[in-house]
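Working notes, beginning with the structure itself.
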Amino acid sequence: MKTGVLALQGSFFDHVKSLELINKEYQLIKSVSDLDNIDSLILPGGESTTMMKIQKTEDLFETIKIKINEGMPTLGTCAGLILLANDVIDGQSSISCLNTVVERNAYGRQNESFEGLVNFNDNKEMYCFIRAPKIISYGKTVTPIALIDEEVVGIHENNIVGLSFHPELSNDNVYLGWLKNFLKDGLNVRSL
Amino acid sequence: MKIESTFKIKKGLAEMLKGGVIMDVVNAEQAVIAEKSGAVAVMALERIPADIRAEGGVARMSSVETIQEVIDSVTIPVMAKARIGHFVEAQMLESLGIDFIDESEVLTPADDKNHIYKHDIKTPFVNGATDIGEACRRIGEGAAMIRTKGEAGTGNVIEAVRHMRSMTDGINKIITADVNSLMSIAKEIRAPFEVVKEIHETKKLPVVNFAAGGIATPADAALMMQLGCDGVFVGSGIFKSGDPKERAEAIVIATTNFDNPEKLVEVSKELGEPMVGLNIDDLDETEKLAKRGW
């Protein structure tokens, strides 16, 4: 079985590179029929408004939501986190399956974008935050798994992980090892 | 610990724009239409290229008011054009909080020898290029994204195709070259050696490369994507057409589904009139914008 990578727009080839590094086969997802042979899913960074517009032609997100609710391990980074969130401040919720409120571009515009030292599953790495969304709040069933200083920048709920940063632009060994495990069963190795 | 505006961060925004359409807009109203149609970013400029071509005169950075108005009207990234070599326009755009600066040949150049030294400005830059040598020179100066120049404001895709093919040929030549001949290639194409070496080692251009200049239809956008570019800029093609909103949406969907002819047929139905095109051969050499840049 393959990992599906949403390929409507954005940095999906960077996630493909991560999958190649862990020897996982992938399927680019552009339409409903692409979802048939996948056992896990990645929603990449990019522009969430653009992805929402493009998916509408065949309501791709409705089918994706069913797959996620059935328990498919799903990772969303940056715009991918926005797509997964139940609530988006100053924006539109779309797939809505992760119990969190996020705010788009809440760290500022591009000039305020930064590389930050993130504690992700007890390992510290520099990761890119690019016009990143902020995790404003999350429900009781949600576990924080990534922090920058004291601020939560990554969360896990059931089979879903949402990160406001871009581990796929770094591809460090700890992330790749985590990704390999997570895509298998949707579980997070350890929590903070 | 946080470090702002590293080259990785500058390049990173361009990575996020991949597979998308960046649309030229001259005011907030057009910016909103572009965002609603699925643009990944808008490019604020004083006049769209077709009008600059028709009206002549000196084309400069947009007014501060227009740029501010566009920034306030949309949530997607906002780009704006500065004249080639006009580092003060670039400093002003940085101060305005623009997300990407296009040092563009579409505007009247401010310096006939030098481009802006882009490393010193926090905001990332995109620059036009007609071949790999020009792309490497701009990357050497700090560009975080490249676009083919094409011939803006013509609605004629031939120059964009020519530049994209020339870029691909140039990259392939560097990749397949013997390591001993890299310096000689750098000399021949007038490119910084370090950038040539990086292309050889990583087997790709170090930054994202979009297509621009003359894209007017969904088919044009898909053509450029199939030729290997990472995304497209559409200037006059949208707001000089009969039905800008329909056309903008169609070009967005075509850019994602560039390798799916059935989808391309579907989105190309009932689009209204495309912009009127110009034959490149009918242009006087002095009218060719792609010649600007050194």
Side-chain angles (χ1 to χ4, degrees), chain A residues 6-15 28-31 44-58 60 77-80 82 88 90-92 103-105 107-118 124 126-132 148-149 151 165-166 168-170, chain B residues 1-22 34-41 71 74-79 93-101 121-124 144 204 208 230-231 248-249 252-260 262-263 266-267:
Chain A
L6 187 69
L8 300 177
Q9 187 273 318
S11 72
F12 50 88
F13 276 120
D14 298 294
H15 284 287
L28 296 181
I29 309 287
K30 291 187 184 183
S31 67
E47 278 307 313
S48 56
T49 51
T50 301
M51 295 186 211
M52 282 184 228
K53 178 82 197 174
I54 299 170
Q55 65 86 27
K56 251 186 208 158
T57 54
E58 45 178 272
L60 176 62
T77 59
C78 196
I82 297 169
V88 183
D90 287 334
Q92 203 186 333
E103 185 176 2
R104 291 179 65 208
N105 309 332
Y107 291 93
R109 304 188 69 86
Q110 177 61 17
N111 288 348
E112 287 80 53
S113 292
F114 58 93
E115 286 185 59
L117 191 64
V118 177
K124 287 193 175 172
M126 293 296 282
Y127 288 122
C128 292
F129 290 73
I130 300 169
R131 290 173 48 97
I148 184 162
D149 300 325
E151 190 169 335
F165 55 94
H166 293 282
E168 80 283 3
L169 295 181
S170 296
Chain B
M1 184 175 62
K2 292 181 182 176
I3 316 168
E4 286 181 359
S5 302
T6 59
F7 193 64
K8 196 172 175 183
I9 286 294
K10 290 180 173 180
K11 224 171 81 165
L13 179 56
E15 304 282 352
M16 298 309 138
L17 301 174
K18 282 187 296 195
V21 182
I22 299 166
E35 182 177 48
K36 285 192 176 148
S37 309
V40 283
I71 289 177
V74 294
T75 61
I76 55 177
V78 178
M79 301 184 163
L93 291 173
E94 176 190 34
S95 166
L96 276 162
I98 278 287
D99 296 297
F100 234 107
I101 299 169
I121 290 181
K122 283 180 84 173
T123 315
K204 62 182 187 63
V208 165
D230 293 313
E249 284 178 10
V252 166
I253 293 175
T255 302
T256 295
N257 297 288
F258 64 89
D259 52 357
N260 184 339
E262 284 159 33
K263 275 249 163 103
E266 201 182 306
V267 300

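Source: prediction; values computed, not measured. Sequence lines set the chain letters: A, B, ... in the order given, protein chains first and strands last, and positions in each chain run from 1.
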Is it the side chain or the backbone of B:T255 that comes within 4.5 Å of chain A heavy atoms, both, or neither? neither
Minimum heavy-atom separation for B:D259 to A:K30, with atom names? OD1-NZ, 3.9 Å
A:R131 and B:T75 have their tightest heavy-atom pair at NH2-O, 2.7 Å
Minimum side-chain heavy-atom gap A:T57-B:E266 below 4.5 Å: no
Of the listed residues (B:A14, B:G38, B:G12), which shares the most heavy-atom pairs with chain A below a 4.5 Å separation? B:G38
In Å and rounded to the nearest 0.5 Å, what is the CD to CD1 distance from A:E47 to B:I76? 6.5 Å
About how many Å separate CD1 of A:I130 and CD of B:E15, when rounded to the nearest 0.5 Å? 8.0 Å
What distance do B:K8 atom NZ and A:Y127 atom OH have between them, rounded to the nearest 0.5 Å? 9.0 Å
Separation between NZ (B:K2) and CG (A:L117), nearest 0.5 Å, reads 11.5 Å
So B:T123 and A:Q110, do their side chains get closer than 4.5 Å, heavy atoms only? no
So, the part of B:V208 with a heavy atom under 4.5 Å from chain A: the answer is neither
Output for pair (B:K122 NZ, A:S113 OG), nearest 0.5 Å, gives 9.5 Å
Proximity breakdown for A:T77 and chain B, heavy-atom pairs closer than 4.5 Å: neither
I'd like to verify something: which residue of B:S37, B:A39, B:P77 has the highest number of heavy-atom pairs under 4.5 Å with chain A? B:P77
What part of B:I121 is in contact with chain A, defined as an atom under 4.5 angstrom from a non-hydrogen atom: side chain, backbone, both or neither? neither
Region of A:A7 in contact with chain B, defined by heavy-atom distances below 4.5 Å: backbone
Side chains of A:N111 and B:E94: closer than 4.5 Å at any heavy-atom pair? yes
Under 4.5 Å from any heavy atom of chain B, what part of A:E58 do you find: side chain, backbone, both or neither? side chain
Is any side-chain heavy atom of B:T6 closer than 4.5 Å to one of A:M126? no
Please flag which part of A:R104 lies under 4.5 Å from any non-hydrogen atom of chain B: side chain, backbone, both or neither. side chain
Which value, rounded to the nearest 0.5 Å, describes the distance between A:Q9 atom CD and B:M16 atom CE? 9.5 Å
Segment of B:K263 engaging chain A (4.5 angstrom heavy-atom cut-off): side chain
